[in-house]
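Report on the following structure.
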Amino acid sequence: MISGLLSIALVEDNEAHALLTEHVLSDIAEARKLEVRVVVLPDGDAAVSFLRTEEPYDDPRTYPRPDIILLDLNLPGTDGIDVPRIARSLPEVDLVPIVILSSSESRNDMRRAYRAGANAYVVKPIGFDAFRDVLDGTVTFWR
């Protein structure tokens, strides 16, 4: 069993997917007796500002450094390939695990993500239970 506080940066431009992921993470936290703080970032540009602690993400009480970054691949602005490249250049977050959550099963997308600095590439499964299991395994592993 894992316990304690876990700060997750969720970079997801689809509001419905973000809400679902937050809900699942809340369920996982309850089952694992874990306090989870999720910061939802709507696009890659917001993610970069958050990782650089730029306004409006400069208050560490509201926007703590993430323990895990869950990142959609296809984002407006700075995309899910550029975010890991930028994160790896920032000493404050260069070792934070970055997990790509994507519906794409393209081997090319996977290669590009790993080359950019992602630690894992997870294909979003269809179905709530499968999605919950994948997120639970991801959080447990990277915690």
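Quantities reported herein were computed from a predicted structural model and do not represent experimental measurements.
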Exercise. Below 4.5 Å, heavy atoms only, C-beta onward: do V83 and I98 meet side chain to side chain?
Worked result: no
For this session: Supply the atom-to-atom distance I81 CD1 to I86 CD1, rounded to the nearest 0.5 angstrom.
Result: 12.0 Å
Problem set entry | Verdict with reasoning, V36 to I8, per side chain to side chain contact (heavy atoms under 4.5 Å, CB included) | CA-CA 7 Å; V36 173; I8 298 175; 3.9 Å; yes
Exercise. Can you find a pair of side-chain heavy atoms, one from D13 and one from P42, that are under 4.5 Å apart?
Worked result: no
Exercise. Do D45 side-chain atoms and T78 backbone N/O form a donor-acceptor pair below 3.5 Å?
Worked result: yes
Problem set entry | Atom pair NE2/CD1 of H23 and I28 - distance to nearest 0.5 Å | 10.0 Å
Problem set entry | Nearest heavy atoms of V93 and P66, plus distance in Å | CG1-CD, 4.3 Å
Exercise. What pairs meet the side-chain hydrogen bond (donor to acceptor under 3.5 Å, both in side chains) rule with one or both residues in residues 83-96, with sequence neighbours excluded?
Worked result: D82-R85, R88-N119
Exercise. Can you tell me if S104 and D109 form a side-chain donor-acceptor pair at under 3.5 Å?
Worked result: yes
For this session: Of all the heavy-atom pairs spanning R143 and I68, show the shortest one and how long it is.
Result: N-CD1, 4.3 Å
Exercise. Does L41 reach the side chain of L10, with side-chain heavy atoms less than 4.5 Å apart?
Worked result: no
For this session: Starting at CG of L25, measure out to CG of L34 and round the result to the nearest 0.5 Å.
Result: 9.5 Å
For this session: Please check if F141 and L101 belong to a single hydrophobic cluster, counting links between Ile, Leu, Val, Met, Phe, Trp and Tyr side chain heavy atoms closer than 4.5 Å.
Result: yes
Exercise. Looking at side-chain heavy atoms only, is the closest gap between R65 and V96 below 4.5 Å?
Worked result: no
For this session: List for me each residue that meets side-chain contact (heavy atoms from CB on, under 4.5 Å) alongside S7, sequence neighbours excluded, and say none if there are none.
Result: P64, D67
Problem set entry | Closest contact, heavy atoms only, G80 versus L71 | O-CD2, 3.5 Å
Seminar exercise, completed: Sorted by chain and residue number, the ring pair (Phe, Tyr, Trp, His ring centres under 6.0 Å) partners of F131 (sequence neighbours excluded) come out as none
Problem set entry | Same cluster (ILVMFWY, side-chain, under 4.5 Å), V24 and W142 | yes
Problem set entry | Minimum side-chain heavy-atom gap F128-D27 below 4.5 Å | yes
Problem set entry | hydrophobic_cluster_shared for V39 and I100, side chain cutoff 4.5 Å | yes
Exercise. Below 4.5 Å, heavy atoms only, C-beta onward: do V123 and S103 meet side chain to side chain?
Worked result: no
Exercise. Do V139 and L6 come close enough that some side-chain heavy atom pair is under 4.5 Å?
Worked result: yes
Problem set entry | Value rounded to 0.5 Å, distance of CZ in R112 from OG in S106 | 8.0 Å
Exercise. Between E12 and K124, is there a salt bridge with N-O shorter than 4.0 Å?
Worked result: yes
Exercise. Does any non-hydrogen side-chain atom of Y121 lie less than 4.5 Å from one of V99?
Worked result: no
Problem set entry | Ring-face cation contact, Y63 with R37, 6.0 Å cut, 45° max | no
For this session: Is it possible for you to say whether F50 and V40 belong to one hydrophobic cluster, with membership spreading through side-chain heavy-atom contacts below 4.5 Å?
Result: no
Exercise. If every non-hydrogen atom of L70 is compared with every non-hydrogen atom of L135, which pair is closest and at what distance?
Worked result: CD1-CD2, 4.1 Å
Exercise. So how far is it from D59 CG to T53 OG1, rounded to the nearest 0.5 Å?
Worked result: 11.0 Å
Exercise. Any sub-3.5 Å donor-acceptor pair from N14's side-chain atoms to H17's backbone N or O?
Worked result: yes
For this session: Please check if L73 and L51 belong to a single hydrophobic cluster, counting links between Ile, Leu, Val, Met, Phe, Trp and Tyr side chain heavy atoms closer than 4.5 Å.
Result: yes
